[in-house]
Amino acid sequence: MSERPSLDTTAWTREHAHGIERTDDNTAPIIYPPAEKTDPDNHIWDTWLLRTPGGEIAEVNGYRVIVALSAPNDLLPGKRHDVATHRFYYSTDGRQWTPGGRVFGDTDPLGSRQWAGSAIYDPSTGAVSLYYTAAGSRGEDELSYTQRLAVAHGGSLVVDEDDGVSFEGPWTHDTLARPDGEWYEREEQSRGMIYTFRDPWYFEDPETGEAYVLFEGNTPVPEGSEACDGDPVQQEFNGSVGIARAAHDEPTACELLPPLIDGVCVNQELERPHVVYRDGTYYLFIASHKHTFAPGLDGYDALYGFAADALFGEYEPLNGSGLVLTNPANAPFQAYSWLAYGHRDEILVTSFFNYYDYDRPSLDDVGLFPEPEQFRRFGGTLAPTVRLGVDGHETWIRGTLDHGHLPTRDEELPETIDERIGRLRGGHDRDRGGYGH
Ligand code: FRU
């Protein structure tokens, strides 16, 4: 019998968030457009790697696979969320990605469009489960913003020497969970500008073997509540990291549990939660935006993280405030939707190249540009991978790799500039201290 986990929700507090500040350890270098995009025909943004149930990056006959949200690249970038569909890309070297097409081929997944999720390949059976967000309802005339967690199962991954990699159905699409209204806000309860119930992330706890799905939600805060000292405006900022019990061999099993973390009075969107487990510590990461912080807090579009010695917490924000990795002040929206994963003794972080050559205070101003400028300034491709060092509850940037370079399992990464300087100086200076900008 596994021990019953503590189900207390950790609070990400305003006090923590007041400590958010750019430093060399958390600020990525400026990104320049790559010579080639990951997909020449489509914008791509939120991306995830095909993993095994135990959390390793899957390598199937030497191929690794990523799934990304996509939209045709002649669509105005700001409209892409309205038509998002999943495409996949495969690679033998983790650098060159071959477009594999739409994950579900010509068949229809749930929702009028599909948002972020996760993809699991079971090497013992070859079965694939694709967890995703079904946004809206298929066939709706007017786009709605209802969201539910969904899973496609029954399909598999096929590797053919001549034709490369493909996902093969038939798929069965099922709704995994809808918000319950008590732990997780329903759309009609939402008081804020954005409503979320999305981004299912399958995770097996390496210490107990139990399966879970993490997701992004909002904590209901009824009007008149005492939360945030009764401040009704702050109460609208109520993002959470949700969790549900799942099952290894039953892809549709899903029982909602109370959230792992919430940011009530702090932030409205704790996006794409995922966990990297290292040496007994659970590192829980989320992406969030500058504009979703509650009034009185100055955050950034950034990767934030928390650490605990058990999956159910209690979590502490990494580096005191939670801030792990952000964009430089002169390109504050150059990357978004970071995804961290373990690689040897470091953590690698991939993301997408968002708006560049753009330093206005808000992304809303993108819409003020003429359309050709909106296209020109949007990356829509994989960003350079960032290398993070980790020591307990502290992280720092060690350096970066190329756009879309997601090293294969055994790939040894080059010494960083700081490591080299430290070594030449006699080995005292460790690799801390940013990437030397
Ligand atoms: C983050 C995000 C996800 C969502 C997707 C929709 O980039 O907001 O939470 O699934 O974008 O495009």
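Read the numbers this way: they start at 1 and go in the same order the structure lists the ligands and their atoms.
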What atoms of ligand 1 come closer than 4.0 angstrom to any heavy atom of [X]?
{"X": "Glu271", "answer": "1 (C), 2 (C), 3 (C), 8 (O), 9 (O)"}
{"X": "Ala116", "answer": "10 (O)"}
{"X": "Tyr336", "answer": "1 (C), 7 (O)"}
{"X": "Asp199", "answer": "3 (C), 4 (C), 9 (O), 10 (O)"}
{"X": "Leu69", "answer": "5 (C), 6 (C), 12 (O)"}
{"X": "Glu216", "answer": "9 (O)"}
{"X": "His81", "answer": "6 (C), 12 (O)"}

Practice task
Run the ring-centre check on Phe353 versus Tyr356 and record whether the distance is less than 6.0 Å.
Solution key: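 So the answer is yes for these two rings.
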Practice task
Give a yes or no on whether a salt bridge exists between Glu140 and Arg113, defined as a side-chain N under 4.0 angstrom from a carboxylate O.
Solution key: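 Salt bridge flag = yes for Arg113 with Glu140.
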Problem - Glu210 and Arg245 ion-paired at < 4.0 Å - result: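 Salt bridge present between Glu210 and Arg245.
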Exercise for the section: May I ask you to establish whether Arg51 and Trp201 are in a cation-pi arrangement, using a distance under 6.0 Å from NZ or CZ to the six-membered ring centre and at most 45° from the ring axis? Expected result: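 Yes, Arg51 and Trp201 form such a contact.
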Exercise for the section: Please determine if Arg22 forms a cation-pi arrangement with Tyr300, meaning its NZ or CZ atom is less than 6.0 Å from the six-membered ring centre and no more than 45° off the ring axis. Expected result: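 Yes.
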Problem - Under 3.5 Å donor-acceptor, Ser351 side chain and Ala383 backbone - result: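 Absent.
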Exercise for the section: Have a look at Asn354, Asp82, Asp46, Ile194 and point out the one with the heavy atom closest to atom 7 (O) of ligand 1. Expected result: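 Comparing heavy atoms across Asn354, Asp82, Asp46, Ile194, the nearest one to atom 7 (O) of ligand 1 lies in Asp46.
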Practice task
Considering non-hydrogen atoms only, spot the tightest contact between Leu318 and Gly392 and give its length.
Solution key: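 Taking Leu318 first and Gly392 second, the nearest heavy atoms are CD2-O, 4.3 Å.
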Problem - Within-cut-off N or O pair, Arg198 and ligand 1, under 3.5 Å - result: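 In this structure, Arg198 places an N or O atom under 3.5 Å from an N or O of ligand 1.
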Problem - Arg272 N/O to ligand 1 N/O under 3.5 Å - result: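 No; every N/O pair is 3.5 Å or more apart.
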